[in-house]
Peer 1: 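Please read through the structure below; I'll follow up with questions.
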Amino acid sequence: CSNIKYRASSDSFKITDFENSTHTVTIKRVEYLGNNNYYKVTAGVSGANGVKSVIAIMQKNRLDSSLGFSVKALKWQ
């Protein structure tokens, strides 16, 4: 999408145009999984055509904390 711009000065992305919201995700639980800063995030989902929850495996970036988290896996249920 040409409406996504990277800003090197703040190491962030700016999105100027995007689709309307289709669903809502509400975090219910975050569990630390240990090795390599992995976390399991469990969330409820509404408005997504029968999908009721999502489980994400996230990894906190230890080498560059400004990058935050990486999504390693998603399971929509």
Side-chain angles (χ1 to χ4, degrees):
C1 179
S2 63
N3 296 322
I4 300 175
K5 306 264 190 262
Y6 175 70
R7 291 189 256 177
S9 62
S10 62
D11 193 27
S12 63
F13 291 90
K14 179 179 182 179
I15 302 171
T16 57
D17 187 27
F18 45 88
E19 300 89 12
N20 290 331
S21 297
T22 58
H23 58 280
T24 301
V25 176
T26 305
I27 295 175
K28 305 249 182 216
R29 185 173 62 210
V30 177
E31 300 171 63
Y32 180 63
L33 300 178
N35 297 334
N36 293 319
N37 286 328
Y38 280 94
Y39 295 83
K40 178 181 177 183
V41 180
T42 305
V45 178
S46 62
N49 297 328
V51 175
K52 300 292 181 197
S53 65
V54 62
I55 297 171
I57 302 300
M58 312 286 290
Q59 184 180 30
K60 184 176 180 183
N61 190 326
R62 291 173 28 179
L63 299 177
D64 186 350
S65 61
S66 69
L67 295 176
F69 290 84
S70 298
V71 177
K72 298 300 184 180
L74 286 175
K75 182 177 183 182
W76 298 88
Q77 305 182 83

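No hydrogens, no waters, no symmetry mates; every other heavy atom, side chains included, goes into these values. Please read all numbers here as calculations on a predicted model, not as lab measurements.
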Peer 1: Quick check: closest heavy atoms across His23 and Ala48, and the distance to 0.1 Å?
Peer 2: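 Nearest pair, atom of His23 first, then Ala48: CB-CB, 3.8 Å.
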Peer 1: Under 4.5 Å between side-chain heavy atoms, counting indirect links through other Ile/Leu/Val/Met/Phe/Trp/Tyr residues: same cluster for Ile57 and Val51 or not?
Peer 2: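 Result: no, two separate clusters.
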Peer 1: Suppose we screen for side chain to side chain donor-acceptor pair (under 3.5 Å). Which residues come up paired with Thr22, at least two apart in sequence or across chains?
Peer 2: none
Peer 1: Can you list the residues that meet the side chain to side chain donor-acceptor pair (under 3.5 Å) rule with Ser46, with sequence neighbours excluded?
Peer 2: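 Side chain to side chain donor-acceptor pair (under 3.5 Å) check on Ser46 returns nothing, list empty.
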Peer 1: Would you mind writing out the side-chain donor-acceptor pairs for residues 31-42 within the sub-3.5 Å range, not counting sequence neighbours?
Peer 2:
residue, atom, partner, partner atom, Å
Glu31, OE2, Arg29, NE, 3.1
Glu31, OE2, Arg29, NH2, 3.4
Tyr32, OH, Gly34, O, 3.2

Peer 1: Near Leu74 CG, under 6.0 Å, is it more than 12 heavy atoms from other residues, nucleotides or ligands?
Peer 2: yes
Peer 1: Report the distance from atom NZ of Lys5 to atom CZ of Phe13, rounding to the nearest 0.5 Å.
Peer 2: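 Answer for the NZ-CZ pair, Lys5 versus Phe13, is 12.0 Å.
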Peer 1: Find the distance between NZ (Lys14) and CZ (Arg7) and round it off to the nearest 0.5 Å.
Peer 2: 5.5 Å
